[in-house]
Amino acid sequence: MKKWLKVFFPIAALLIMAINVQGAEHPRVIRFAYPAATNPGYAGSPLVNVINDQNLFEKEFSKDGIKIEQSYIKTAGPGTNEGFAAGLFDFADYGDFAIVLGKAGGLKNKLILSPSKGGNVYILARSALHINSVKDLRGKKVSYWKGTVLQTQALRVLEANGLTEKDIKQINLSTADALAALAAGTIDALVGSYDRPLIDQGLATLVYDTRNFPVSKRYREGLVVSEDFARKYPDITKRVAKVFIQAAYWASQEKNKEQLAQLLVKTGAKYKYVKGEFGVGNLSVKDQFDPRPDHENANDYKALIDFSLKNKLIRTNIDVDKWVDKSYADAALKELGLQNYWAK
Amino acid sequence: MSKIKYTLLLLGILLISNTDVQAADPSVAAPKVTKTETDSVSAESSKDADAIAAEDGDRVVTQKELQGLNSEVATLRDQLTRQLDRNIANTLRSLTIGGTLQNRYTALTSSNQPPAPNGFTVNAAILSFNGALKKDYDEGKNLTYSLSLISSAPTYNVQPYEAYLQYSIFQSLDLEKPTLYFQFGQQSKPFGLEPQVGEDKKPAAIYATFAGPGGFNLAARDIGIKLRGDLFPHVDTGYNYRVPFIDYAVALFNGSGPNASDTNKSKDVVARVAFNAPVDYSSDFRGLTFGNSVYSGKKDLLLGNGTLITGGTGQASTTRFGQDLSYVSSPIGFTAEYAVGRDEAAISGTAVANAVKATTQSRGYTFTLFYEWGEQFLTQYRNQNVYDDWWPKTYQPFLRFDRWDPNTAVAGNETSILTYGFNFFFAQTTKLQFNYNVSVGKKPNLPNVNQNTFVAQFQYGF
C-alpha cells in the first residue's frame, strides 16, 4: 500500500503542476462583455462588430484552443458592471461613464484601450411641442438612461446651455422605453443614441446633437481587463489588445467607411444615421478610432471623473494614471508595426 | 428577385406597424408629402429604376413597386384581421398569464413510526393573471390587478390564492424616490421573511414550521388591506441597484385566512419594518437586512376540544412577534428568523362571563445558510440579447435548521428539522430541488418521533 502511495503521489503532483503550468500560459476561455445592440449577436461597440465580422478573435486564439465567450448585455453599463463585479467577465468594452461608475464603485480592472471616441447623443422632442433649442427644455420631462453615457452627455449639454438637471424634470428610462414613452406623449424629450426612428415616423424632431460638441466632451468607449486576468495572462491581454487594434486600424481608414456603415446596419440601426457617425464634423475617422489609452484618452477620463465628482455622480476619486495601463497597447502596436500610425 | 420580394414584405410589415402607431394617436398628423418630394418621385418614376442612384444610398421606389407594395400590405392586413378574429384571444385590459407548478417525489427513508407510503404528487399548480387596469405613463401611479388560482395537495380543490388590486400612491418611475402601494384583497401577510420572500432568500422546498400550517400559518393568505412602501432609497446607478433604507408595511385583515369570511367584528393588524444597509452595490454589506414584525388579532374563544364558548366570538387574543436578520449577497447568503406567538384559549367555562382563559406561548426559529455557483440572481447580467433560449445554470447547496416549540411552558415537546438541500436552476423559470430532512419530534414522556424524509421537486413556471 505504502509503495503504491509513493508512486501515486509524485505522479499526481506532477499532473497537478502540469495543469497549473498550462493554466498559467493560457486561459481555457476569454470572457467578454458589451452593451447589446438592437439585434441579437451584435454589440453597441463598432469595433466589436468589426472583430466578429472579420473573425479576428478566432484568427488570433483558435490555434491555442482558447474559447471566446461574448455576452451582449441589454442593460448596458449597469449590467456589464454587475457581471464584472461577480467575476463573470475578463474584458468589457463599454461607455466611459459606466466604466467610471464601476471603477469608482471598486471594480478591480485596468483601462487598456480606447476603442473609439467622439460618440454622439441626440436630443429628440415631441413634434407637437415645437421645442427648438436645449434652452426650451426648461421645465420639460426629459428622459435619459442613468448609469450610461447618456447621463453625463445630457448633463454636459445642459451645462453648455446654462441649464442643470434641476431645470428639467428628469425621467430615468432605458432608450427603448424612452422611445415608446415619447411616442405615447408621456415624456417631452429624450436623450438617445444615433438611431432616431421617431423622426422618420414624424413623431419627434431633433433639438440638438453633439456632433459639433468638443471631441473631448463627447463620450468614449473603453476596454477594461480585470486585474486578475491581466496579472495571470499578460501575453493574452496583449493579444486581445492586438485584436482590437487590428479592428481599429481597419475602421480608421477612409476607404473602409462605407463597409463599416454597412456592417453597423446589421446591428439594427438605419444606414442614414450610422453613416453620419463616422469621420464627420471636427473628427476624422482615423482620430475616431485612435485606440491609444494614454495622453488624450487619459485626460478625457480625468475631466469626466472631475465632472462626475462635481455633479455627485460618483463619490470616490480615481487615480487615472495608475488605472490606465498602456503597456499592452504599446506592445501590440509595436508587433503590428503601427507605433507611428496614430502618432501626431 | 426573391430578395426584393422579402424586402417588400418587410417594408409592408413596417408600414402596417407605422400606420397602427399613428392611428393610435389621433393627435399625430399623417406625414405630409412636400411638393419637392412629389416632384422628385414623379420625375424619377419615368426613369429606369435601376438607373437611379439615389443620394445617401436610399434607392427611390418606382410606381410599379409601390403598387406591388400596396397590394402586399392589403393582403397582409386581411390576413392579420382574419387571424385576429378567429385565432387570437382578446382581453379587455392588459393581461399577463403565468403559472407555477411543483411536481414532487417524497420518500420517508427512515422512521420509528409506521412508514407513510412514498410517492409522486403534483404538490401545487398555480395559474396567475396580472395586468394594469389604469397605467399612468406620467408618474407610474398605476392601478394593477393580480389574480391567481391554486390547486394543491392533498385536496386539489381549485380556489383563489391571491386576488387583489394594487394602486401606487407615490410615483413609481424614479428609482431615487420612495414608493408607497395600497393593496386590497386576498394577499400575503407582511410578517417576517419565510412567509413572504422569494426564492432568493428561501431555498428550501418546504416552509419552516413556524410559517406553515403546523405553526403560526403566517404564509397563508388573508383578506384585507395593506399599505407597503419604502423610505430613503439609495441608488447606485453604476449597477442599476436600488435599496431603500427602510421597508415598511402595515395591513388590516379579517384574520380568518384565505377564501373565508370574517367570523368576528375585530380585524387583525400586521405590521413589519425592515432596515436595509443603504450601501453601494460593491459594498460588503449589500444585502444586509434586519426586520421586525408584529401581528395582533382576535380569534374565537374555544375550549381545548374546539367547542366555542357562548359569546366567545372574537374574544381570544392572538399576538405574534418576529425578528429576522438576513444577508444575501451572491454567492453567499444566510437568513435567521425568530417568531413567538401567544394564543388565548378557554380551559373551562361555558360562557365568556365564567370562562377561565389561559395563554399558550409558542416559538419557532430557523436559520438557513446557502451558497451558489452561477448567475441566477444577477438580474442585470441575465438580461442578454441572444438568439437562443440562453439561461445561466446555477447550483445552490444549502443547510437549514428549523425548530418549533408549540408550547414553551411544556418541556421536551419541540420539533427540530435539519435540512440538507441542493437546488439546480437550469432554465429561466425552472429548478430542480433536493431536500433531505432529518426530523426529531419530542413528546413529553413519550419516545421521540424520528423521521428522515427525502423530497425531490421540479418547480417550473411559464
Side-chain angles (χ1 to χ4, degrees), chain A residues 33 35-43 71-86 88-89 97-98 100-107 127-128 141 145-148 151 170-173 180-181 183-187 200-203 258 261-262 271-272 275 313-315, chain B residues 14-15 17-22 24-25 27-32 54-59 135-140 171 173-177 235-242 279-284 286 329-331 372-375 377-388 390 392:
Chain A
T38 306
N39 289 340
Y42 288 95
S71 296
Y72 302 93
I73 309 293
K74 275 188 187 176
T75 48
T80 307
N81 281 336
E82 184 192 57
F84 222 100
L88 298 170
F89 306 132
F97 179 53
V100 165
L101 282 171
K103 186 64 185 172
L107 288 185
S127 307
K141 282 184 279 186
W145 196 355
K146 287 192 171 181
T148 71
Q151 183 178 6
Q170 200 278 335
I171 310 282
N172 184 21
L173 294 172
T186 54
I187 59 171
D200 298 333
Q201 293 168 25
L203 299 173
E258 177 60 24
Q262 294 287 353
Y271 173 81
K272 63 179 178 183
K275 211 184 68 171
L313 307 176
I314 58 173
R315 282 184 282 273
Chain B
L14 287 172
L15 268 177
S17 60
N18 197 14
T19 311
D20 285 346
V21 167
Q22 295 188 17
D25 185 353
S27 66
V28 178
K32 290 176 186 170
E55 275 187 33
D56 297 342
D58 293 333
R59 193 171 72 82
K135 191 156 187 176
D136 175 17
Y137 288 92
D138 209 11
E139 295 183 287
Q171 70 78 40
L173 295 180
D174 192 340
L175 296 177
E176 291 168 2
K177 291 183 178 164
V235 178
D236 185 346
T237 49
Y239 297 83
N240 207 15
Y241 172 69
R242 177 185 192 274
V279 294
D280 283 347
Y281 184 86
S282 55
S283 167
D284 291 336
R286 171 170 59 90
S329 182
S330 187
E372 69 218 14
W373 297 273
E375 299 82 40
F377 301 109
L378 296 178
T379 52
Q380 308 287 320
Y381 167 83
R382 292 184 322 196
N383 201 352
Q384 295 201 16
N385 202 5
V386 288
Y387 277 115
D388 63 353
W390 172 85

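Below, read A as the first sequence line, B as the second, and so on, with proteins coming before strands; counting in each chain starts at 1. From a predicted model like this one, the values you see are computed outputs, not experimental measurements.
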N39(A) atom CG, over 12 foreign heavy atoms within 6.0 Å:
yes

Under the 3.5 angstrom rule, does the side chain of Q380(B) hit a backbone N or O of P78(A) as a donor-acceptor pair?
no

Going through the distances and angles, do R315(A) and D280(B) end up as a side-chain contact (heavy atoms from CB on, under 4.5 Å)?
CA-CA 10 Å; R315(A) 282 184 282 273; D280(B) 283 347; 2.6 Å; yes

Structural part of S283(B) lying under 4.5 Å from a heavy atom of chain A
neither

Distance, nearest 0.5 Å, that separates CD of Q384(B) from OG1 of T75(A)
8.5 Å

Where on I187(A) is there a heavy atom nearer than 4.5 Å to chain B: the side chain, the backbone, both, or neither?
neither

Output the option from L173(A), L313(A), N81(A) having the highest count of non-hydrogen pairs under 4.5 Å with chain B.
N81(A)

Just by modelled atom types, is the G79(A) backbone N or O under 3.5 Å from a matching donor or acceptor in the N240(B) side chain?
no

CD1 on I171(A) to CD on Q171(B), rounded to 0.5 Å
8.0 Å

Taking F84(A), F97(A), Y72(A), W145(A) one by one, which has the highest count of heavy-atom pairs under 4.5 Å against chain B?
Y72(A)

Among T80(A), I73(A), L88(A), V100(A), residue most engaged with chain B (heavy-atom pairs, under 4.5 Å):
L88(A)

When rounded to the nearest 0.5 angstrom, what is the spacing between CD in E82(A) and CZ in R382(B)?
8.5 Å

Greatest number of non-hydrogen atom pairs under 4.5 angstrom with chain B, of G106(A), A36(A), A98(A), S71(A), falls to S71(A)

Is there a side-chain contact between V386(B) and P40(A) (heavy atoms, below 4.5 Å)?
no

Heavy-atom cut-off 4.5 Å, strictly under: side chain, backbone, both or neither for T38(A) against chain B?
backbone

T237(B) vs L101(A) side-chain heavy atoms within contact, under 4.5 Å
yes

Side chain, backbone, both or neither: which part of Y239(B) has an atom under 4.5 Å from a heavy atom of chain A?
both

What part of F89(A) is in contact with chain B, defined as an atom under 4.5 angstrom from a non-hydrogen atom: side chain, backbone, both or neither?
side chain

To the closest 0.5 Å, what do you measure between CD (Q170(A)) and CG (L173(B))?
10.5 Å

Measure distances from A37(A) to the heavy atoms of chain B and classify the residue's part below 4.5 Å as side chain, backbone, both or neither.
backbone

Mind checking the CD-OG1 spacing from E139(B) to T186(A)? Nearest 0.5 Å is all I need.
11.5 Å

Hey, what do you get for CG (D236(B)) to CD1 (I314(A)), rounding to the nearest 0.5 Å?
11.5 Å

Segment of A85(A) engaging chain B (4.5 angstrom heavy-atom cut-off)
side chain

